Amino acid sequence: MLNTYLKELEGNYLFTEIVNRTQAYTAVHPEAKVLRLGVGDVTLPLPQVITDAMHRAVEELAHAETFRGYGPENGQEWLRRAIIEHDYVPRGIYPDVDEVFISDGAGSDLGNLSELFAPGGRVAIPEPSYPAYVDTSRMAGREIEWLPCTRENGFVPALPKTRPDIIYLCFPNNPTGTVLTRSQLQQWVDYARENESIIIYDAAYECFIDDERIPHSIYEAEGAEEVAIEVCSFSKKAGFTAVRCGYTVVPQETGLWQMWMRRQCTKFNGASYISQRGAEAVYTPEGQQAIRENLRHYKETARLFREGLQDMGFEVYGGENAPYIWCRVPEGYTSWSFFDYLLEQYQIVCTPGAGFGRSGEGYVRFSAFSKREDCEQALKRLKNIG
Ligand SMILES: Cc1ncc(COP(=O)(O)O)c(C=O)c1O
């Protein structure tokens with residue numbers, strides 16, 4: 001018997017359709033300089049301190065005296081300690097070193113964590129959202145309660161109407177760029193504790209938070225260690241989208257640690273040693289300075305987009321403490337018709353909000369990971385949009 005839930009999952013229409021429409025346009029206008037401004041992948045190269053560390057790791061593997069084979073399934077202890085020391089202790093959070101699991105990126109764990117729960121069951125997912133939560137839940141045959149995020153609720157989802165087994169939350173949010181305050185986050189943790197739900201908290205973009213009132217980690221909320229698993233990534237924080245490394249915190253108090261450890265030991269033989277040495281370099285003083293500079297660059301691109309679009313009269317959300325700019329399309333357009341308009345009139349490619357869920361209709365997403373010169377060029381082209 002096949003997994004019919006997986007078999008019947010529709011294709012990822014959003015990104016294929018963006019590529020198809022862009023290619024159709026460039027086929028007719030080969031001279032056009034198309035500006036790709038919607039993509040969530042990073043564009044700055046890795047800092048040298050990180051590539052040097054990975055080169056050294058490769059050299060170690062090349063010599064008998066320093067060669068090593070399998071590492072611990074849950075990751076190298078030196079990396080887990082560095083993560084705790086830099087990402088948690090300064091925020092008053094003290095996970096045990098064994099509660100941190102090194103992954104090959106947030107994407108894998110966001111999918112795999114679903115295995116902790118019986119097939120079926122109920123899940124609450126804010127929408128619009130990053131597609132992985134929806135697809136993983138569908139693959140497991142779960143019933144989804146959608147939590148619409150609209151401008152009326154400030155893109156902050158309301159609590160579920162029916163008790164879910166799992167709640168997915170992502171802040172700073174992809175695609176809306178929304179962030180939660182401490183008290184808003186606390187409400188979710190309180191809800192999960194009262195209802196015995198588990199929150200899978202996607203903190204892939206926490207590195208974009210500058211405002212001290214905004215929590216970086218769900219464990220800044222009281223009692224979160226009882227109900228929350230936090231999924232983090234070096235992808236956006238340090239440019240690791242190709243390198244692949246992330247980490248997930250599964251506290252003992254959730255009652256899920258043993259199961260997750262067992263699952264990882266069976267199905268995951270650990271992240272690449274080379275990637276983990278690269279990630280370790282992120283936490284050296286030079287690494288910290290280098291990634292801070294790259295993040296400053298992206299944050300400045302976010303500011304340019306946000307202010308540039310606002311000056312033109314667009315209704316714009318996000319882009320502060322977040323890399324995504326969520327832009328309302330003008331009256332009379334849908335997400336896709338505005339996408340076509342920007343492509344045909346200005347040779348600008350954005351991401352239509354409707355592709356992230358029903359409440360994304362009426363919006364497009366711009367990304368601070370876009371090349372700076374493309375962002376500036378786009379704002380110049382759009383100046384006369386009127
Ligand atoms: C919200 C969110 N979570 C997770 C990921 C995946 O991150 P990784 O590269 O670590 O798999 C992305 C990638 O864009 C993302 O936007």
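Order of appearance sets the numbers: ligands from 1, and atoms from 1 within every ligand. Please read these numbers as outputs of a predicted model, since none were measured by experiment.
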Give the ring-plane orientation class for [X] versus [Y], where under 30° counts as parallel, over 60° as perpendicular and anything between as tilted.
| X | Y | answer |
| --- | --- | --- |
| F356 | W326 | perpendicular |
| Y333 | F338 | perpendicular |
| W257 | F101 | tilted |

Closest protein heavy atom (residue, atom, distance) for [atom]:
| atom | answer |
| --- | --- |
| atom 6 (C) of ligand 1 | Y130 OH, 3.4 Å |
| atom 9 (O) of ligand 1 | S235 OG, 2.6 Å |
| atom 16 (O) of ligand 1 | Y205 OH, 2.5 Å |
| atom 2 (C) of ligand 1 | D202 OD2, 3.3 Å |
| atom 13 (C) of ligand 1 | K236 NZ, 3.4 Å |
| atom 7 (O) of ligand 1 | A106 CB, 3.8 Å |

Pair E280-R277, salt bridge (charged side-chain N to carboxylate O under 4.0 Å, His left out): steps then yes or no: CA-CA 5 Å; E280 183 190 31; R277 280 295 185 201; 2.8 Å; yes

Using a 3.5 Å cut-off on N or O atoms only, is [X] in polar contact with ligand 1?
| X | answer |
| --- | --- |
| T241 | no |
| Y324 | no |
| A204 | no |

Under the 3.5 angstrom rule, does the side chain of T4 hit a backbone N or O of K7 as a donor-acceptor pair? no

Which ligand 1 atoms are under 4.0 Å away from a heavy-atom of [X]?
| X | answer |
| --- | --- |
| C170 | 1 (C) |
| Y133 | 1 (C) |
| L110 | 3 (N), 4 (C) |

M259-V250 co-clustered via ILVMFWY side chain contacts under 4.5 Å: yes

Could you check Y363, Y205, Y298, F305 and say which one makes a ring pair (Phe, Tyr, Trp, His ring centres under 6.0 Å) with Y324? Y205

Between the side chains of T181 and R213, does any donor sit under 3.5 Å from an acceptor? no

Between D104 and S108, is a side-chain hydrogen bond (donor to acceptor under 3.5 Å, both in side chains) present by the stated rule, with each step listed? CA-CA 7 Å; D104 59 357; S108 312; 2.6 Å; yes

So is G246 in contact with ligand 1, going by heavy-atom distances below 4.0 Å? no

